[in-house]
Amino acid sequence: MVELVFSETYDLAHTFDCGQIFRFHSSDNGKTYYGPLSDRIIKLTQIDEHTLEISSDQPEGLMPKIHEFLRVKDDYLSIQNSVKVDPLMEKIVQQTNGLHLVKQDPFECAISYLLSQCSNIPRITQNLSHLSEMFGKRIIFDKQIFYLFPKREDLLPLGEDDFREMGFGYRAKYIASFIHDYLQFLRKPKKKGEEFNNQLQQIYGIGQKVADCIQLFGYGDLTLFPVDTWIQKFMIKYYFSGKKTSNAKIRSLGRQMFGQWAGYAQEFIFHYARHYDNI
DNA sequence: ATCCAGGCATGCA
DNA sequence: TGCATGCCTGGA
């Protein structure tokens, strides 16, 4: 059991219910969250505005993983200040205060966002839980049953038909292909920036939006500004005078407006647009 | 009963 | 470069 104290506000519920990550759940209305972190289950409890209590079924070597996962080294207060580029963004930063990004596992993140297209959060969560329950390692923690996310090797024998039976729909072919090609993808020299983004988009089923999400949430490139329908509606309403605009132009403006912290800005806006703005 | 989701691939101008 | 269409499936 360890306490982690932040100088800024850390809001567990905002962070884990904002839709960036799908397999963390609260059983007590947002005070405590359980979920998988690579090889273990972690429990996060909100003690006060600045403090989390953290435990795990496997406490050895936990804190370095937690620091990376919760992005503790990000200077949250200056990020907030930096994305307050106008009165609207000031309001949004205030409304979403305490919402942090997390650094996800790339493999799980890629599968999550491949599944996300033309779907919704409950269904994506259901698909991922189903996959984990069938092929992930089972862990008992706090007298509850949890499942880690399956490793690539565990999923390798499966084909498109298996994933269709799990309810993945037309995304089944993307998942099957991704799992099969994953090693080859990783073997390529790791690139950065737009080059890496283009490399992600070479993968069957990954276009601009999903590539941006994987690069942002799975690889921690905070300069990305993924444009989904919520961001699209918001940006057109407030920054393009209501005029129909291509996602490429919206993405480009978002990255220009928010620079190295565009990923944070995107998540603040996404949360605000879904919960507070009538668009 | 249609209709459409937190897109993508494909085909076409 | 931009636009149209089909894709699985479950919930409104």
Side-chain angles (χ1 to χ4, degrees), chain A residues 14-25 92 96 99 101-102 104 108-131 134 158-182 185 194 197-218 221 224-238 240 243-255 262-279:
Chain A
H14 276 170
T15 300
F16 286 91
D17 286 333
C18 74
Q20 63 177 316
I21 188 164
F22 301 96
R23 300 201 57 242
F24 273 73
H25 301 291
I92 290 174
T96 60
L99 195 170
L101 292 183
V102 292
Q104 303 182 33
E108 175 173 353
C109 182
I111 290 182
S112 303
Y113 282 93
L114 273 166
L115 283 173
S116 77
Q117 53 186 269
C118 264
S119 190
N120 49 62
I121 292 171
R123 186 175 174 194
I124 301 163
T125 303
Q126 189 185 17
N127 288 158
L128 293 170
S129 300
H130 196 168
L131 197 60
M134 289 181 72
L158 304 177
E160 176 181 342
D161 293 343
D162 300 303
F163 294 124
R164 275 186 190 271
E165 280 177 24
M166 281 184 244
F168 290 7
Y170 68 88
R171 307 156 198 85
K173 55 183 181 289
Y174 301 147
I175 303 293
S177 153
F178 176 74
I179 288 163
H180 185 263
D181 295 342
Y182 186 64
F185 166 69
E194 282 304 290
N197 198 265
N198 292 331
Q199 193 181 327
L200 284 169
Q201 288 187 64
Q202 310 278 316
I203 297 169
Y204 185 47
I206 297 183
Q208 181 74 79
K209 191 268 178 181
V210 172
D212 286 354
C213 286
I214 297 171
Q215 195 169 350
L216 169 60
F217 299 123
D221 184 339
L224 274 300
F225 191 81
V227 181
D228 54 46
T229 59
W230 288 97
I231 297 293
Q232 183 191 62
K233 279 187 250 181
F234 174 92
M235 292 295 284
I236 287 177
K237 176 176 174 182
Y238 290 109
F240 290 93
K243 280 203 296 272
K244 195 170 91 173
T245 309
S246 73
N247 284 354
K249 283 182 184 161
I250 296 171
R251 176 181 189 267
S252 171
L253 179 67
R255 301 189 75 185
Y264 273 96
Q266 191 269 4
E267 211 53 26
F268 296 156
I269 292 171
F270 182 70
H271 189 260
Y272 172 83
R274 285 181 62 207
H275 296 281
Y276 305 110
D277 199 291
N278 218 356
I279 51 177

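So that the names make sense, note that chain A is the first sequence line, chain B the second, and so on, each numbered from 1. Values below: every heavy atom of this structure, side chains too, minus hydrogens, waters and symmetry copies.
Taking atom P in both B:dG6 and C:dC3, one finds a spacing of 22 Å when rounded to whole Å. Here the separation of C:dC8 from B:dT10, taken at their P atoms, is 13 Å to the nearest Å.
In this structure, the OH atom of A:Tyr170 is 17 Å from the P atom of C:dT5, given to the nearest Å. A:Asp161 places its CG atom 13 Å from the C1' atom of C:dC8, with the value rounded to the nearest Å. A:Lys209 places its NZ atom 14 Å from the P atom of B:dA9, with the value rounded to the nearest Å. Taking atom CD of A:Gln117 as the reference point, atom P of C:dC7 lies 15 Å away to the nearest angstrom. Atom-to-atom, CD1 of A:Ile175 to P of B:dG7 comes out at 15 Å; the value is rounded to the nearest Å. When the P atom of C:dT9 is taken as reference, atom CD of A:Glu165 falls 11 Å away, rounded to whole Å. Separating the CZ atom of A:Arg274 from the P atom of B:dG6 is a distance of 8 Å, rounded to the nearest angstrom. Residue A:Ile269 contributes atom CD1, which lies 15 Å from atom C1' of B:dG6 at whole-angstrom precision.
In this structure B:dG6 sits in no base pair that meets the Watson-Crick or G-U test at under 3.5 Å. The base-pairing partner of C:dC8, taking Watson-Crick or G-U wobble contacts with both distances under 3.5 Å, does not exist among the strands shown.
Within 4.0 Å of A:Lys173, counting heavy atoms only, lie sugar-phosphate atoms of the nucleic acid but no base atom. Using a 4.0 Å heavy-atom cutoff across all strands shown, A:Leu115 reaches no nucleic acid atom at all. At the heavy-atom level, A:Ile206 lies under 4.0 Å from the strands shown only through sugar-phosphate atoms.
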Intermediate values then yes/no, side-chain contact (heavy atoms from CB on, under 4.5 Å), A:Asp17 and A:His271: CA-CA 9 Å; A:Asp17 286 333; A:His271 189 260; over 6 Å; no
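Put simply, the side chain of A:Arg171 and the base of B:dC8 share no donor and acceptor less than 3.5 Å apart. For A:Tyr174 against B:dG7, a side-chain-to-base donor-acceptor contact under 3.5 Å is absent.
OP1 or OP2 of C:dT9 has not a single side-chain nitrogen or oxygen of A:Arg123 nearer than 4.0 Å.
Both A:Cys18 and A:Tyr204 sit near DNA chain B, but only A:Cys18 has its closest nucleotide nearer the 5' end. Mapping A:Cys118 and A:Gln126 onto DNA chain C by nearest heavy atom places A:Cys118 at the nucleotide closer to the 5' end. Between A:Gln20 and A:Gln202, the one whose closest nucleotide on DNA chain B sits nearer the 5' end is A:Gln20.
Side-chain atoms of A:Lys173 and A:Tyr204, non-hydrogen and from C-beta on, do get closer than 4.5 Å to each other. Under the 4.5 Å side-chain criterion, counting only non-hydrogen atoms from C-beta, A:Cys118 is in contact with A:Arg171.
Aromatic ring centres of A:Tyr238 and A:Phe234: separated by under 6.0 Å. Here the two rings, on A:Tyr113 and A:Tyr174, have centers that are 6.0 Å apart or farther.
Under the 30°/60° scheme for interplanar angles, the aromatic rings of A:Phe168 and A:Phe163 are found to lie parallel.
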